[in-house]
Amino acid sequence: MEAKPSTANLVDKIVVPGDVVLDLSSMTNQTIKLGGGLRQECDSVSVIKAGKLRFSKPNKYWVESSQKRYVPCVEDTVLGIVVDCKADNFFVDIRGPTIAFLPVLAFEGGTRRNIPKFEIGSLLYVRVVKANPGMNPELSCTDASGKAAEFGLLKDGYMFETSTGLSRMLLSSPTCPVLEELGKQLSFEIAVGLNGRVNAESPSTVVLVSNAIMNSESLSAVQQKIMVDKLLQRIK
Amino acid sequence: MEVDRADGRNPNQLRPLACSCSILHRAHGSASWSQGDTKVLAAVYGPKAGTKKNENPEKASIEVIWKPRTGQIGKPEKEYEIILKRTLQSICILTINPNTTTSVIIQVVHDDGALLPCAINAACAALVDAGIPMKHLAVAICCCSAESGYCILDPTKLEEQKMKGFAYLVFPNSILSVLPEGSSLVQGEPMEHGIITSVTHGAMSGNLSTLRVSVSHL
């Protein structure tokens, strides 16, 4: 077994479960925020999911990885599918370990008299309000101040599932290259959920838009532009 | 001690390893692992809500299904399932998603010796691909001893049949660490010297020290 360097800094390197990335005994009197993929064990912080270790100043560490399954976090906006309606909750599937609850009153101006009726299988754009381990997550169709803010039922469009890494790339700013290139030639609307679901709506080119997005996961910016150009030439 | 192996390897030399991840479209995590001609495909689905009746609902549970290449599922397959389940339960962090079940399905593509270690390696790679929280990775190896006392690693099927006894050993992986050397030792040895699982067949006597030396070369 080769000797490991004792002052290795693993930020921006690929880490696997078991790697120890921070030594807390040498960092006293600091507040450190740990994101997904990291766990504190007594005096050290170790990795539990494989991915790239990221650091953002002043004190945030997390492991960036892309999965097909979603881990619910508070304040995430996701796309959910209604699977059941009960007296005071809708049961919504958000691709996580458990089914999420959407209270029937969690809508703008929601009272017992105007409860919305969603059919089983309808697609909703919702926000995660509570996500505790061991409990079903709770959702809401309003933003933090109680306004509707575009949450709610998505009527038209084609929904497809991708990995969580691709949906984060689509939501990043500046705009991701594949969306920018498509936007120069076509007009379309997409709703991206952080759980890996994307709903694309377009008058006539929805399949092209969805294929371009699905192909762009592992391509660099230049490759994405070339791929979009090739797809757009086919419809000219 | 000089040993002639059929494919010209040293006693401590492993067969060429190959691993591919994310090969199945619908599974949440998948990996194919091959050591020489032995090839195993592992798929992970989950975590899904709910546990079986005799499982502890305060922890996540892991369910293993072993599918042999041909023939029906019998007692050897059930034994492999139990060994794999216990090994994976000790490397996954079970308290993060309580009351859920993660299914691991192992499909044997070709068996040319050291099948169970190959399956353990494939299952570990598939769990990493699916993003299931784990304490560390598991590294499995098969080590067998012949009557004349020498031991070899990673046997092929022909070599396995000639051996007096063999052992499958599973270790945690060597980790990268920012801690200074020596602070993460457990009882004076680095963590990767610990054994998670060991399965032994046949009779092996008097050569545990050679076994130890040969395995620590990995």
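Below, chain A is the first sequence line, B the second, and so on; all start at residue 1. Everything numeric in this text was worked out from a predicted model, so none of it was measured.
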S.K.: Identify which part of B:Asn97 has an atom lying under 4.5 Å from any heavy atom of chain A, answering side chain, backbone, both or neither.
M.R.: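 Only the side chain of B:Asn97 comes within 4.5 Å of chain A.
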
S.K.: Does atom CD of A:Glu41 have more than 12 heavy-atom neighbours, drawn from other residues, nucleotides or ligands, at distances under 6.0 Å?
M.R.: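 Buried by this count: over 12 neighbours within 6.0 Å.
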
S.K.: Are A:Val16 and B:Leu137 packed together at the side-chain level, in the sense that at least one heavy-atom pair is separated by less than 4.5 angstrom?
M.R.: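 A side-chain contact under 4.5 Å exists here.
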
S.K.: Looking only at heavy atoms and a cut-off of under 4.5 Å, which of A:Ile48, A:Val71, A:Asn136 has the most pairs with chain B?
M.R.: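 Option with the greatest count: A:Ile48.
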
S.K.: Pick one of side chain, backbone, both or neither for B:Ile132, based on which atoms fall under 4.5 Å of a heavy atom in chain A.
M.R.: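 Backbone only.
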
S.K.: Would you say A:Arg54 has more than 12 foreign heavy atoms packed within less than 6.0 Å of its CZ?
M.R.: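 Result for CZ/A:Arg54: enclosed.
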
S.K.: If I measure from the heavy atoms of chain B, does A:Ser65 come under 4.5 Å with its side chain, its backbone, both, or neither?
M.R.: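 No part of it gets close to chain B.
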
S.K.: Could you have a look at B:Ala49, B:Pro98, B:Gly131 and say which one has the most heavy-atom pairs with chain A under 4.5 angstrom?
M.R.: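 Looking at each option in turn, the highest pair count goes to B:Gly131.
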
S.K.: Can you name the closest pair of heavy atoms from B:Val128 and A:Ala50 and give their distance?
M.R.: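 B:Val128 and A:Ala50 have their closest heavy atoms at CG1-CB, 3.4 Å.
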
S.K.: Using modelled atom types and a 3.5 Å cut-off, is there a donor and acceptor pairing between side-chain atoms of A:Arg69 and backbone atoms of B:His28?
M.R.: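 No: the side chain of A:Arg69 does not pair with the backbone of B:His28.
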
S.K.: Please name the pair of heavy atoms, one in A:Lys68 and one in B:His25, separated by the smallest distance, quoted to 0.1 Å.
M.R.: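 Shortest heavy-atom contact: NZ-O, 3.0 Å.
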
S.K.: Does any heavy atom of chain A fall under 4.5 Å from the side chain of B:Ile93, the backbone, both, or neither of them?
M.R.: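 The side chain, not the backbone.
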
S.K.: Identify which part of B:Ala27 has an atom lying under 4.5 Å from any heavy atom of chain A, answering side chain, backbone, both or neither.
M.R.: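 Backbone only.
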
S.K.: Got a donor-acceptor contact below 3.5 angstrom from the A:Lys49 side chain to the B:Met134 backbone?
M.R.: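 Between the backbone of B:Met134 and the side chain of A:Lys49 there is no qualifying donor-acceptor contact (under 3.5 Å).
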
S.K.: Is the CD atom of A:Gln223 crowded by more than 12 outside heavy atoms at less than 6.0 Å?
M.R.: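 Yes, because the 6.0 Å sphere around CD of A:Gln223 holds more than 12 heavy atoms from other groups.
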
